Amino acid sequence: MTDPLRDAVPVTAGRLAALVGEPSTRPAYAALAAAIRTLAVDGRLPPQVRLPSERELAVALGLSRTTVTRAYAELTAAGWAHPRVGSGTFLALPGRREVLPGALVPQAGVALDLTAAAATCVPGTQALVERAVARLPALLRGPGYEPVGLPALRAAIAARYAARGLPTDPDQLVVTSGALAGIALVARTVLRRGDRALVENPTYPSAVGALRATGARLLPVPVGPRDGLDLDVALAALRAARPRLAYLVPDHHNPTGHVLPDGSRAALAAGIAAVGGTALVDESLAELVLDAAHDGELPAPFAAHLPGAYSVGSLSKPLWGGVRVGWVRCPTAQVAALQAARLTLDLGASALDQLIGTDFLEAELLAGDGPGPLLTARLAGLRTLRDGWLAALAAHAPGWAARTPRGGLALWVGLPDPVGPELAEAALRRGVALAAGPRFTSDGSARDRIRLPLTADVADPAATVRLLVEAYAEVVAGGAAGAAGGEGRGAGAPAQAPPLIA
């Protein structure tokens, strides 16, 4: 049987001391135990992380060893920690309902579906399809199979990368049936059973499933609610575990919307290269820039700092999910291996979809200085619902934390208590399907989070938020917060999240 603690990455005494700070209440052991519980509930300390030794933490905090020993004993007695002779003390989340990550697909039989962040097509898409159909006869004399993709499409994708600051040869590209197909293809090519794969936590649930399907052991690195990936923690995890692959979403991270700064990209790329790993970079949300005027353009693609990276893109999010066109950009030397693995899965993407994708890229992303009319309409719709959600949350759920995302397809909303799965159940009883935070993690954390999509057909965001607040009040009144290990924050009080940790 696999030992889940075998690959646990420790948190250093200095790092934990910086997060905990000086005890704000007395007795000090109780304050220390409470601070560690809060870090665990908010996902900054992932389950199974190895805590520093009592002596090391006592020195780092300037406390007596007896105080730290008593804090660890309190955590252990309540099920928040598990000591192991000769190995140390490991964190846990007691009484947690298991909410396994998995594909978030549209739900049937509900009044309102807030699970999948997938949009309908915008006006004008039919004309795009009709133009592609008119070009289809030119392909009918051929076999219809293009294992690496139509030359015109690969040329358009390469041109788009060049426009974003990453010169690309069309021969570096393999066209797939969507981004997930690309992720699964790279995982199948690079990983072997037992390999370690670093993943952001939270992240795209289907990618977690694709990585696990290879038999890889996942190494979660938390993404915070404010600042995105903690670079120090990520670099420490790379050095400690030396993963073969790192799955990253640097552009409008799913689900938080964070954009990884250029300097952090360079440092993280260097850290991956130093341990002989590679990066699998998901760029399927890169074109969904909602606030470029405020923050400037996106940094250059991650592969500009790590030439050996595999970059995955897709047209499903900027155009429409029914157009199954994705791609993998990789070093030219890796194309043959990628193609060989791909031929064990399928023989090529739909020719018609590739024609549609070529037209979309040429007309919407390569023809002028800004997005074309279809993408402009897509971004306007996302921006409208984003602003509607934010206004409704501010008016009716002021204690819920929602950062304005610069781009992407969702809001990552913080709850005052760690009851996201219970809230999802209560909302479903009211006809609303909701995705709770643990659905986006590889370890069941982020219980104090829900995701609200910017693509849903929501006529009245305020009414929906009021319904969710009502469901939340029912959950808290029923004692779910206490059962989940909450620290007793009231429904109207904003969550006071500590800094990021892993």
Side-chain angles (χ1 to χ4, degrees), residues 122 124 128 131-132 148-176 178-179 182 248-253 257 259-266 269 279-320 323 325-332 335 349 353-380 382-383 406-409:
V122 298
L128 183 75
R131 292 198 301 270
V148 295
L150 294 178
L153 175 59
R154 289 188 289 121
I157 296 169
R160 180 56 185 157
Y161 271 115
R164 293 184 57 208
L166 181 62
T168 299
D169 190 303
D171 288 340
Q172 291 180 255
L173 296 162
V174 174
V175 176
T176 62
L248 307 168
V249 189
D251 300 310
H252 308 137
H253 173 265
V259 174
L260 190 66
D262 190 69
S264 296
R265 296 178 191 224
L280 169 52
V281 186
D282 188 344
E283 299 175 328
S284 57
L285 301 174
E287 304 295 354
L288 302 180
V289 181
L290 301 182
D291 284 330
H294 299 291
D295 298 298
E297 296 182 354
L298 288 176
F302 193 90
H305 301 289
L306 188 64
Y310 292 81
S311 303
V312 171
S314 169
L315 296 183
S316 297
K317 300 299 188 286
L319 177 53
W320 178 50
V323 176
V325 171
W327 58 85
V328 179
R329 180 195 182 276
C330 65
T332 305
V335 169
D353 284 14
Q354 291 184 72
L355 289 175
I356 296 171
T358 303
D359 197 332
F360 179 80
L361 285 165
E362 293 174 346
E364 297 289 319
L365 294 171
L366 298 173
D369 295 332
L374 295 182
L375 184 53
T376 297
R378 165 72 70 229
L379 298 177
L382 298 174
R383 196 178 295 115
R406 178 175 164 185
L409 290 173

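Source: prediction; values computed, not measured.
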[X] versus [Y], closest heavy-atom pair with distance:
X      : Y      : result
Cys330 : Val335 : SG-CG2, 3.7 Å
Leu355 : Ala132 : CD1-O, 3.6 Å
Arg160 : Leu365 : NH1-O, 3.7 Å
Gln354 : Val175 : OE1-CG1, 3.9 Å
Arg164 : Leu298 : NH2-CD1, 4.4 Å
Ala156 : Glu362 : CB-CG, 4.3 Å

Run Asp282 and Phe302 through side-chain contact (heavy atoms from CB on, under 4.5 Å) and show every step you take. CA-CA 10 Å; Asp282 188 344; Phe302 193 90; over 6 Å; no
Ignoring hydrogens and angles, tell me if any N or O in the side chain of His252 forms a donor-acceptor pair with the backbone of Leu285 under 3.5 Å.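 At least one qualifying donor-acceptor pair exists.
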Does [X] have any side-chain contact (heavy atoms from CB on, under 4.5 Å) partners at least two apart in sequence or in another chain, and if so, which?
X      : result
Ala304 : Leu166, Ala300
Ser311 : Tyr161, Val281, Glu283, Ala303, Arg329
Ala179 : Ser284, Val312, Ser314

Measuring from [X]:[atom1] to [Y]:[atom2], what's the distance to the nearest 0.5 Å?
X      : Y      : atom1 : atom2 : value
Leu288 : Arg378 : CG    : CZ    : 8.0 Å
Leu361 : Glu287 : CG    : CD    : 8.0 Å
Leu128 : Asp359 : CG    : CG    : 4.5 Å
Arg154 : Asp169 : CZ    : CG    : 9.0 Å
Leu319 : Leu375 : CG    : CG    : 9.0 Å

Arg265 vs Leu306, side-chain contact (heavy atoms from CB on, under 4.5 Å): CA-CA, chis, key distance, verdict: CA-CA 9 Å; Arg265 296 178 191 224; Leu306 188 64; over 6 Å; no
I'd like to know whether Val148 forms a side-chain contact (heavy atoms from CB on, under 4.5 Å) with Leu173, so could you lay out the CA-CA distance, the side-chain angles of the two residues, the decisive distance to 0.1 Å, and finally the verdict. CA-CA 7 Å; Val148 295; Leu173 296 162; over 6 Å; no
Under 4.5 Å between any side-chain heavy atoms of Leu315 and Asp353, yes or no?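 Leu315 does not reach Asp353 side chain to side chain.
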Where do Ile356 and Val325 land on the side-chain contact (heavy atoms from CB on, under 4.5 Å) test, with the steps shown first? CA-CA 9 Å; Ile356 296 171; Val325 171; over 6 Å; no
